[in-house]
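These notes concern the structure reproduced below.
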Amino acid sequence: MVDAREIYLFRHLSDEQLKKLQEISFIKEFKRGELLFYEGEEPRYLYILLDGTIRVYKTDFKGNEITLHYFHPVNMIAEVANFEDFPYPATAEFETDGKVLAIDYSRFRNEFLKDPEVAFNVIKSLAYKIRILNDIIIQNLMMDAVSRVAKFIDEHEDLFRELKHNKVASLLNITPETFSRILKKFKDQNIIEKKGKEIIIHKDKLKKYI
C-alpha cells in the first residue's frame with residue numbers, strides 16, 4: 001500500500017484515518033493502452049493517478065477520438081462523475097504503464113468528505129478541472145490553429161517534447177498535417193530550432209502568436 005501521506009489530499013490524516021483509508025482502497029497497476037474506465041461507465045471508485053500518464057478523450061458520432069487532456073501524477077481522475085453521480089463523460093486510457101489508487105467512493109464520501117481539509121483539497125482539484133474546461137472552450141472557439149499550437153508549446157513544453165505529433169494534434173483538435181505545417185512555420189521563423197538532438201524553443205518569439 002502506498003503511503004497516503006505522500007498524496008496531497010491526505011497529508012494531514014491521523015494514523016487512525018489512514019488505517020480507515022487503507023481498508024477502503026487498493027492499488028491497481030495498468031499496462032500502456034489499458035483503459036481505466038470508458039465513456040458511459042458508472043463510477044464506483046475514486047481514482048488517484050500515482051504513476052504514468054493518462055489520456056482522457058471523448059468519441060464523436062463518427063468514431064473519432066477527441067483528446068481532452070493528459071494527466072500526470074498525482075491527480076484525481078474524473079472525480080466529478082463520482083460527486084455528481086453520473087456516468088463517466090469520457091474514456092481514460094493509459095499512455096504509459098502506470099498505477100492508480102482506487103478508493104471505494106461511497107465509503108470515502110461517508111467517512112472522509114466531512115473532513116474540512118479533504119473537502120478543501122477536493123474543491124481545489126475541481127477548480128483545476130474547471131480551468132482545463134475553460135482552456136478547451138477558449139482554444140476551440142476563440143483561437144485559430146496557429147495560436148492553439150503556440151499556446152500549447154508555451155504552457156506544456158514537457159508534453160510537446162514527450163508526445164508524438166499526432167497525439168498533440170489530437171489534443172488540439174487539428175489534423176496532424178496542419179500541426180506539421182505550423183511547426184514548419186515556427187522552424188522557418190527560428191522560433192523552434194533543432195541543434196543535433198536538442199530542440200530549442202524561443203518563447204519570446206512564440207508569444208506573438210498567442
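Quick caveat, the model's predicted, so the values are computed rather than measured.
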For G52 and P73 the tightest heavy-atom approach is O-CD, 3.1 Å
Here the gap from F108 atom CZ to I24 atom CD1, rounded to the nearest 0.5 Å, amounts to 7.0 Å
N82 and P43 have their tightest heavy-atom pair at ND2-CB, 3.6 Å
### Message
Under a 4.0 Å threshold between the charged nitrogen and the carboxylate oxygen, would R161 count as salt-bridged to E157?
### Response
yes
The complete set of ring-ring contact (aromatic ring centres under 6.0 Å, His included) pairs with one or both residues in residues 189-210, sequence neighbours excluded, reads F186-Y209
Those residues at least two apart in sequence (or on a different chain) that pass salt bridge (Lys or Arg N to Asp or Glu O under 4.0 Å) with E162 are none
query: Which is it for E23 and E111 under the side-chain contact (heavy atoms from CB on, under 4.5 Å) test, yes or no, and what are the steps along the way?
result: CA-CA 12 Å; E23 291 172 354; E111 298 179 28; over 6 Å; no
Across all chains, not counting sequence neighbours, the ring-ring contact (aromatic ring centres under 6.0 Å, His included) partners of H165 are F179
Contacts of K124 meeting side chain to side chain contact (heavy atoms under 4.5 Å, CB included) (sequence neighbours excluded), chain-then-number -> F120, N121
Those residues at least two apart in sequence (or on a different chain) that pass side-chain hydrogen bond (donor to acceptor under 3.5 Å, both in side chains) with S147 are D144
One should read off an interatomic distance between F152 CZ and I182 CD1, to the nearest 0.5 angstrom, of 12.5 Å
Would one find more than 12 heavy atoms of other residues, nucleotides or ligands at under 6.0 Å from atom CD of E42? yes
d(L101 CG, M76 CE) to nearest 0.5 Å is 11.5 Å
| task | Would you please test K20 and F112 for side-chain contact (heavy atoms from CB on, under 4.5 Å) and show each step? | result | CA-CA 9 Å; K20 285 183 180 180; F112 286 92; 4.0 Å; yes
I'd like to know if L113 and L18 are part of one continuous hydrophobic network [Ile/Leu/Val/Met/Phe/Trp/Tyr, side-chain heavy atoms within less than 4.5 Å].
yes
For L49 and F71 the tightest heavy-atom approach is CD2-O, 3.4 Å
Closest non-hydrogen contact found for R55 with S170 is NH1-OG, 4.4 Å
Should we say atom CG of D85 is surrounded by more than 12 heavy atoms from elsewhere, each under 6.0 Å from it?
no
Contacts of E84 meeting side chain to side chain contact (heavy atoms under 4.5 Å, CB included) (sequence neighbours excluded), chain-then-number -> V80, F86
Shortest non-hydrogen pair, G40 vs P87, comes out as O-CB, 3.5 Å
| task | Just say parallel, tilted or perpendicular for the rings of F30 and F94, cut-offs at 30° and 60°. | result | parallel
Determine, stepwise, if the pair D154 / K207 fulfils side-chain contact (heavy atoms from CB on, under 4.5 Å). CA-CA 8 Å; D154 182 58; K207 288 185 183 298; 3.2 Å; yes
K203, NZ atom: more than 12 neighbouring heavy atoms under 6.0 Å
yes
Worksheet item: With a 4.5 Å limit on heavy-atom distance, are the side chains of K151 and M143 in contact?
Response: yes
The reported gap from CD1 in I77 to NE2 in H69 (rounded to nearest 0.5 angstrom) is 8.5 Å
Contacts of K185 meeting side-chain hydrogen bond (donor to acceptor under 3.5 Å, both in side chains) (sequence neighbours excluded), chain-then-number -> none
With sequence neighbours left out, the residues meeting side-chain hydrogen bond (donor to acceptor under 3.5 Å, both in side chains) with N110 are none
Rounded to the nearest 0.5 Å, the CD1 atom of I201 sits from the CZ atom of F160 at a distance of 5.0 Å
ring-ring contact (aromatic ring centres under 6.0 Å, His included) filter on F37, not counting sequence neighbours, yields Y88
Residues T53 and T96: closest non-hydrogen pair is N-OG1, 2.9 Å
Using a 4.5 Å side-chain heavy-atom cut-off and chaining through intermediate ILVMFWY residues, the residues clustered with Y38 come out as L35, Y57
For a ring-ring contact (aromatic ring centres under 6.0 Å, His included) check, start with the C-alpha distance between Y105 and F83, then their side-chain angles and the critical distance, and finish with the verdict.
CA-CA 9 Å; Y105 177 68; F83 301 141; 5.6 Å; yes
Residue set satisfying side-chain hydrogen bond (donor to acceptor under 3.5 Å, both in side chains) with E29, at least two apart, ordered chain then number -> none
Assess the residue pair L159 and V168 against the criterion (side-chain contact (heavy atoms from CB on, under 4.5 Å)); give the C-alpha distance rounded to whole Å, side-chain angles, the decisive distance to 0.1 Å, and a yes or no.
CA-CA 8 Å; L159 288 179; V168 178; over 6 Å; no
With sequence neighbours left out, the residues meeting side chain to side chain contact (heavy atoms under 4.5 Å, CB included) with S106 are D104, R109
Taken to the nearest 0.5 Å, the spacing of E34 CD from I54 CD1 works out to 11.5 Å
A side-chain contact here means heavy atoms from C-beta on lying under 4.5 Å apart; do I153 and I192 qualify? yes
Notebook entry, point to check: Hey, does the side chain of D97 reach the backbone of R32 with a donor-acceptor pair shorter than 3.5 angstrom?
Noted result: yes
Inset, instruction - Identify whether I27 and I103 are in the same connected component of the hydrophobic contact network (ILVMFWY, side-chain heavy atoms under 4.5 Å). - result: yes
Hey, does Q17 have a side-chain heavy atom less than 4.5 Å from the side chain of F10?
no
Would you say the side chain of L13 lies within less than 4.5 Å of the side chain of I7, judging by non-hydrogen atoms? no
>> Looking at K184 and D188, is there a salt bridge between them, counting it only when a charged N and a carboxylate O are closer than 4.0 Å?
In response: yes
